[in-house]
Amino acid sequence: MYRSRVKTIILAGTASFLAFALVSFPATAVEASKDGLNTWWTIVFPSLLPFLILSEVLIGFGVVRFLGVLLEPIMRPLFKVPGVGGFVWAMGMVSGFPTGAKLTARLREEKQLTKLEAERLVSFSNASNPMFIIGAVSAAFFHNPKLGFLLAGTHYLANFTVGLCMRFYGSDEKPTHKRKETSIPSLKRAMRELHHTRLKDKRPLGKLLGDAVTSSIQSLLMIGGFIILFSVINRLLFHLQVTSLLAGGVEKFFDLFSFSSALSIPFIAGIFEITLGSKLTSGVETSTLMHQAIVTSMILGFCGLSVQAQVASILAQTDISFKPFFFARILQAFFASIYTYLFWDAFSTRFLEDDKPAFAMPDFINDTSWLAAAAEKWMEAGPAFTIICLSIYVVVLFIRLPWRKRTV
């Protein structure tokens with residue numbers, strides 16, 4: 001009872017403090033809201049929507065179940081999750097946050113995962129997508145697209161390491177599968193599962209596509225709300241000097257490793273929001289590029305409270321606990337920073353000190369200017385894509401309104 005009351009007081013006090021800050025700095029809150037909205041409708045929405053819709057369709061058609069049977073002999077020994085986790089893991093890395101959480105929750109609802117398996121899977125199936133790391137962070141923020149290959153490589157390697165660590169989570173669970181049936185991949189059994197899964201989903205193609213579009217856009221609207229909210233919170237905390245106060249403790253930690261104290265404020269900003277933290281880190285001129293890369297890797301690994309709030313909101317609709325995911329983010333931030341430090345000398349020697357890498361690579365890989373150009377074009381087309389998709393979403397909802405069906 002005492003802990004519950006303390007929690008209530010803390011939550012109420014925090015909400016009141018933020019409300020006071022919002023009233024005290026209205027202009028700042030509006031500008032921060034615009035920045036968050038711009039990030040959502042130019043980058044997040046157009047980047048995630050196609051993958052979310054495609055994922056829903058593949059689940060409905062049974063393709064995910066098909067891949068699950070084939071990947072079972074790999075995913076089970078490595079990560080102690082069913083083969084369907086391979087699809088979730090791949091989609092989570094390609095499309096970015098919080099696709100892995102949404103797909104994990106969906107598979108949990110369909111009973112394709114146990115509670116412990118879902119908690120393990122969600123811990124390592126959420127990652128930043130390559131376009132964000134290479135295009136936005138490296139090309140747009142650091143003006144060095146080659147750095148993106150190091151950041152992406154260490155980010156996904158750390159993600160893999162977290163998956164190996166989380167396989168020991170809940171190690172005392174009772175096995176719910178037969179080892180003999182999953183020891184060898186069977187194409188015949190995979191095809192049978194594909195057919196049975198498609199037959200179970202009795203929705204016609206039009207209904208399936210409509211459900212995929214509405215479900216995906218509803219999730220992205222929720223994600224957009226969190227991005228705007230944490231953009232405002234981050235800006236308000238900065239103006240109230242709370243960020244500087246927290247950065248004081250981080251400075252002492254950075255001093256132990258000879259990091260510039262100027263990196264402390266970007267690091268605190270990155271704890272709240274990944275994009276702003278990465279951008280501020282790239283602008284610290286008093287720090288070496290190696291230290292900037294290490295801090296950025298930590299920010300990417302932790303993924304920010306904004307993304308974690310999105311994941312928590314998705315998981316709250318199921319019985320999947322959020323605590324393993326949060327613990328895994330701390331692990332990934334640690335592993336990503338360590339890997340960046342270990343690989344820095346080899347990376348800088350091959351990619352940064354000379355005009356060309358020490359080993360032969362295709363010209364289109366050496367010339368990374370196309371990444372910045374592709375990111376810029378994508379951001380230009382993003383708003384138009386978002387508006388078109390939202391218009392389609394409104395039309396689909398209008399067609400499905402109950403009152404309209406009764407009057408027709």
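Within the 6.0 Å centre-distance limit, the rings of Phe254 and Phe267 are counted as a close aromatic pair. Between Phe20 and Phe17, a ring centre-to-centre spacing not shorter than 6.0 Å is recorded. Close placement of the Phe79 and Phe160 rings is indicated, their centers lying within 6.0 Å of each other.
Ring pair Phe302/Phe326 is perpendicular by interplanar angle, where above 60° counts as perpendicular and below 30° as parallel.
Between Ser138 and Leu151, the closest side-chain pair of non-hydrogen atoms falls below 4.5 Å.
Screening residues 47-59 for salt bridge (Lys or Arg N to Asp or Glu O under 4.0 Å), with sequence neighbours left out, gives Glu56-Lys102, Glu56-Arg106. Evaluation of the salt bridge (Lys or Arg N to Asp or Glu O under 4.0 Å) test over residues 291-320, restricted to residues two or more places apart or in two chains, returns Arg108-Asp319.
The side-chain tip of Arg120 does not point at the ring of Phe124 from less than 6.0 angstrom away and within 45° of straight on.
Residues Pro82 and Met75 approach most closely at O-CB, 3.6 Å, considering heavy atoms. The heavy-atom pair separating Thr286 from Ser260 by the smallest distance is OG1-OG, 3.0 Å. Contact detail for Thr340 and Ala336: the closest heavy-atom pair is OG1-O, 2.7 Å. Asn144 approaches Leu289 most closely through the heavy-atom pair ND2-CD2, 4.1 Å. Closest approach of Gln310 and Phe226 over heavy atoms only: CG-CB, 3.6 Å. In terms of heavy atoms, Ile265 sits closest to Ser244 at CD1-OG, 4.1 Å.
Side chain of Ser215 to backbone of Ala212: no donor-acceptor contact under 3.5 angstrom is found. A side-chain donor-acceptor contact under 3.5 Å links Ser297 to the backbone of Ala293. Within the 3.5 Å criterion, the main-chain N or O of Phe97 finds no donor-acceptor partner in the side chain of Asn126.
Other residues, nucleotides and ligands contribute only 12 or fewer heavy atoms inside 6.0 Å of the OH atom of Tyr341. Crowding of Lys115 atom NZ: a count of heavy atoms from other residues, nucleotides or ligands under 6.0 Å exceeding 12. Surrounding CZ of Phe322 are more than 12 heavy atoms belonging to other residues, nucleotides or ligands, all under 6.0 Å away. The number of heavy atoms from other shown groups lying within 6.0 Å of CZ (Phe238) does not exceed 12. By the neighbour-count criterion of 12 heavy atoms within 6.0 Å, atom CZ of Phe334 is sparsely surrounded, having that number or fewer from other residues, nucleotides or ligands. Within a 6.0 Å radius of CH2 in Trp344, more than 12 heavy atoms belonging to other residues, nucleotides or ligands are found.
Checked against Phe325 for a side chain to side chain contact (heavy atoms under 4.5 Å, CB included), the options Val311, Ile320, Thr104 give a single hit: Val311. Each of Leu49, Leu221, Leu220 was evaluated against Leu390; a single residue qualifies, Leu221, per the side chain to side chain contact (heavy atoms under 4.5 Å, CB included) test.
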